[in-house]
Amino acid sequence: MKLYTRRRIVNAVNLTLSVITTVFGLFWLVWLLWTLFDSGLQWLKPEIFTQMTPPPGSAGGLKNAIVGSLILTGVATLIGTPLGVLAGTYLAEFGRYSRVASIVRFVNDVLLSAPSIIIGVFVYEMVVVTTGHFSGWAGSLALALIMIPVVVRTTEDMMRLVPDTLREAAAALGAPRWRIICTVVYRASLAGILTGVLLAIARISGETAPLLFTALNNQFSSTDMSGPMPNLPVVIFQFAMSPYDDWQHLAWAGALLITLSVLILNIVTRTVLRPRRQEK
Amino acid sequence: MNRRSAANLLDINSRRGGLIDVLFRNISWLSAFLVFAMVIAILVSLWHGALPALDKFGLGFLTSKEWNPVTEHFGALPAIFGTLVTSIIAMLIGVPVSFGIAMFITELSPNWLKRPIATAVELLAAIPSIIYGMWGLFVFAPLFADHVQPWLTEKLGDLPGVGLLFQGPPMGIGMFTAGLILAIMVIPFISSVMRDVLEVVPPLLKESAYGLGATTWEVVRYVVIPYTKVGIAGGIMLGLGRALGETMAVTFVIGNAHEINASLFMPSNTISSTLANEFTEATGATYMSSLLAVGLILFVITFLVLALAKLLLLRLTAKEGKRS
């Protein structure tokens with residue numbers, strides 16, 4: 001009986017610990033969000049969207065940074081999505097069992113978690129040093145490189161969920177390979193691929209490290225991709241580290257804005273797009 | 001007919017597709033190859049950039065404690081030290097917590113609670129790292145410095161040996177804070193891998209143990225963990241890879257000092273925070289080259305750690321395939 005009591009106590013202790021760790025994990029999420037709303041919400045005024053980043057000591061907004069971020073992310077998505085989807089298509093369709101595919105799959109999974117700052121350094125070496133100046137193109141390229149592995153991975157996973165019998169049925173009707181992929185496989189896995197792209201966008205819209213050395217920053221509104229581009233994460237970084245109150249307030253407002261967009265994008269993608277995949 | 005020959009059968013139709021099929025196949029191959037080429041290109045460009053510094057300092061670059069832009073003497077040891085110490089702290093806190101969360105979700109939680117909790121934990125991973133940095137510097141560090149740090153220093157600072165780790169002025173920032181924030185940031189990654197891994201344990205195995213009268217904890221300890229230990233190790237490695245390379249959050253709270261201190265409360269520097277702070281300000285070829293050299297070190301270390309993680313996880317999947 002003594003042993004039995006001990007086993008029960010050990011069990012109870014460990015299960016309680018398990019619950020505590022879960023609460024511990026969620027506690028930080030709540031605290032972070034609370035901090036963001038507490039210090040950011042009061043500064044999140046309409047001017048944020050209509051005025052430029054100010055010099056220290058005067059009022060202003062984040063308009064140029066927001067616009068810059070949207071452009072950088074948009075261009076990165078335009079570069080990264082086709083490349084990622086095509087590479088995922090190769091892994092799932094043409095080269096499913098080939099040696100190249102297994103190497104690419106391996107490398108891709110490693111790149112998925114590789115430090116983003118290294119991507120920044122790499123693009124700096126390749127683009128900024130070669131062209132001689134910081135540019136929006138370099139920033140977008142860095143973001144695209146971070147995005148590609150995410151898209152490759154989800155595209156492959158989603159396309160492989162499509163049953164082979166569907167492919168064979170299309171093939172039996174005489175459809176060539178490209179038609180099978182475009183009209184059957186892509187259509188069946190569209191929601192999943194879209195999820196991957198949206199999650200990748202969510203991931204790159206908060207990335208700061210790779211932009212530090214590529215897009216840099218710009219006090220003025222700029223839509224010129226060949227020059228330094230203002231962007232939200234780097235502005236937040238610079239303003240948060242500055243000693244000026246106005247700048248810090250703007251940084252908190254920007255931080256709240258960026259986190260809300262990323263979280264909403266995440267939640268919407270997960271709840272709206274994912275269930276359709278599971279119905280299969 | 002196995003799947004492989006089914007895939008080959010599909011290829012027969014390729015002949016009918018003609019030019020479009022050939023184009024499609026080659027373009028998609030090229031995109032896939034680009035992913036592979038990217039890693040090679042990163043390695044080559046970092047190596048090329050790091051060469052002058054590696055030539056000048058040789059292996060001493062890894063062991064030198066000096067980081068002096070004025071005299072142009074650079075050594076990577078402080079940054080490597082900071083990277084390792086913060087990552088170790090992150091693992092010591094993050095791994096047990098992640099396991100607890102994974103265990104809660106797979107073994108304890110009622111079904112309706114599983115998804116909300118899993119999603120909430122994953123949202124931690126979605127929050128941009130710069131937000132962790134701001135929160136760490138402006139909210140966590142002052143609280144930590146005022147309330148927790150003096151208490152830790154008082155209680156633990158006088159212990160022989162271990163005490164050294166907890167001495168120093170209560171500044172709030174430093175290696176411990178950076179490690180703790182890293183732990184919070186890697187928890188979602190480790191716990192979601194662990195959750196996936198714990199779910200591959202065949203229910204039959206668990207039910208057999210329950211049938212013998214095992215408690216929940218005993219089932220986890222003697223059935224689930226032995227069955228999944230390779231995968232759990234893979235999850236830990238994945239988290240470690242993330243922690244080693246995390247940049248912005250650490251840059252905010254590490255204190256940016258190229259020093260090696262025994263105390264966890266002292267400022268330090270990691271490889272990634274060195275890059276973030278100094279890269280755009282680096283003047284002189286040697287300085288720049290040294291930064292690229294530490295970047296190369298970081299890339300190689302994380303690549304190896306993440307590759308190991310992937311291999312471990314693959315081994316679990318292979319085992320799963322064999323038994324089912």
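Heavy atoms only: backbone and side chains are in, while hydrogens, waters and symmetry mates are out.
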Item to complete: Test salt bridge (charged side-chain N to carboxylate O under 4.0 Å, His left out) on B/Asp21 and A/Arg177 and set out the steps.
Response: CA-CA 6 Å; B/Asp21 244 22; A/Arg177 200 73 198 270; over 6 Å; no
Worksheet entry | Salt-bridge present (B/Arg195, B/Glu122; N to O < 4.0 Å) | yes
Worksheet item: So, A/Glu156 and A/Arg160, do they make that salt bridge, N to O below 4.0 Å?
Response: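 A salt bridge links A/Glu156 with A/Arg160.
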Practice prompt. Kindly compute the distance separating CD1 (A/Ile204) from CG (A/Leu199), expressed to the nearest 0.5 Å.
Written response: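 A/Ile204 CD1 to A/Leu199 CG: 12.0 Å, rounded to 0.5 Å.
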Chain A contact via [X] - side chain, backbone, both or neither, heavy atoms under 4.5 Å:
{"X": "B/Leu124", "value": "both"}
{"X": "B/Ser109", "value": "neither"}
{"X": "B/Phe138", "value": "side chain"}
{"X": "B/Leu180", "value": "side chain"}
{"X": "B/Pro96", "value": "backbone"}
{"X": "B/Leu34", "value": "side chain"}
{"X": "B/Ile184", "value": "side chain"}
{"X": "B/Met134", "value": "both"}
{"X": "B/Leu244", "value": "neither"}
{"X": "B/Thr247", "value": "side chain"}
{"X": "B/Thr119", "value": "side chain"}
{"X": "B/Leu30", "value": "neither"}
{"X": "B/Ala41", "value": "both"}
{"X": "B/Leu46", "value": "side chain"}

Less than 4.5 Å to any heavy atom of chain B: does that hold for the side chain of [X], its backbone, both, or neither?
{"X": "A/Val19", "answer": "both"}
{"X": "A/Leu265", "answer": "neither"}
{"X": "A/Leu32", "answer": "both"}
{"X": "A/Ala255", "answer": "both"}
{"X": "A/Val110", "answer": "both"}
{"X": "A/Ile20", "answer": "neither"}
{"X": "A/Leu145", "answer": "both"}
{"X": "A/Leu29", "answer": "both"}
{"X": "A/Ile103", "answer": "side chain"}

With respect to chain B, which residue among [options] yields the maximal number of heavy-atom pairs within a distance under 4.5 Å?
{"options": "A/Arg203, A/Met241, A/Met126", "result": "A/Met241"}
{"options": "A/Ser18, A/Ala251, A/Pro115, A/Pro149", "result": "A/Ser18"}
{"options": "A/Phe134, A/Phe237, A/Trp31", "result": "A/Trp31"}
{"options": "A/Ser113, A/Ala114, A/Ser39, A/Gly206", "result": "A/Ser113"}
{"options": "A/Leu212, A/Asn11, A/Val107", "result": "A/Asn11"}
{"options": "A/Gln248, A/Glu207, A/Arg105", "result": "A/Gln248"}

Worksheet entry | 4.5 Å side-chain heavy-atom contact, A/Val121 and A/Phe213 | yes
Discussion item. I want to check something: taking the side chain as every heavy atom from C-beta on, are B/Trp47 and B/Leu292 in contact at a cut-off of under 4.5 Å?
Written reply: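 A side-chain contact under 4.5 Å is absent here.
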Practice prompt. Pick out which of A/Val268, A/Ile267, A/Asn266 makes a side chain to side chain contact (heavy atoms under 4.5 Å, CB included) with A/Arg270.
Written response: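 Result for side chain to side chain contact (heavy atoms under 4.5 Å, CB included) with A/Arg270: A/Asn266.
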Discussion item. Please evaluate residues A/Glu168 and A/Thr165 with respect to the criterion side chain to side chain donor-acceptor pair (under 3.5 Å), reporting the C-alpha separation (whole Å), side-chain torsions for both, the decisive distance (0.1 Å), and the verdict.
Written reply: CA-CA 5 Å; A/Glu168 284 157 12; A/Thr165 43; over 6 Å; no
Discussion item. What I want to check is whether the side chains of A/Thr89 and A/Tyr186 have a donor and an acceptor closer together than 3.5 Å.
Written reply: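 Distance-only check passes for A/Thr89 and A/Tyr186.
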Main-chain N/O of [Y] paired to [X] side chain as donor or acceptor, under 3.5 Å:
{"X": "A/Trp28", "Y": "A/Phe24", "answer": "yes"}
{"X": "A/Asn14", "Y": "A/Val10", "answer": "yes"}
{"X": "B/Ser273", "Y": "B/Val250", "answer": "no"}
{"X": "A/Ser69", "Y": "A/Leu232", "answer": "yes"}

Fill in: Derivation of the ring pair (Phe, Tyr, Trp, His ring centres under 6.0 Å) call for B/Phe24 and A/Trp178
CA-CA 7 Å; B/Phe24 195 13; A/Trp178 66 270; 8.0 Å; no
Heavy-atom pair with the smallest gap, counting every atom of [X] and [Y]:
{"X": "A/Glu125", "Y": "B/Gly49", "value": "OE1-CA, 3.9 Å"}
{"X": "A/Ala144", "Y": "A/Gly80", "value": "CB-N, 4.1 Å"}
{"X": "B/Ile190", "Y": "B/Gly239", "value": "CG1-CA, 3.7 Å"}

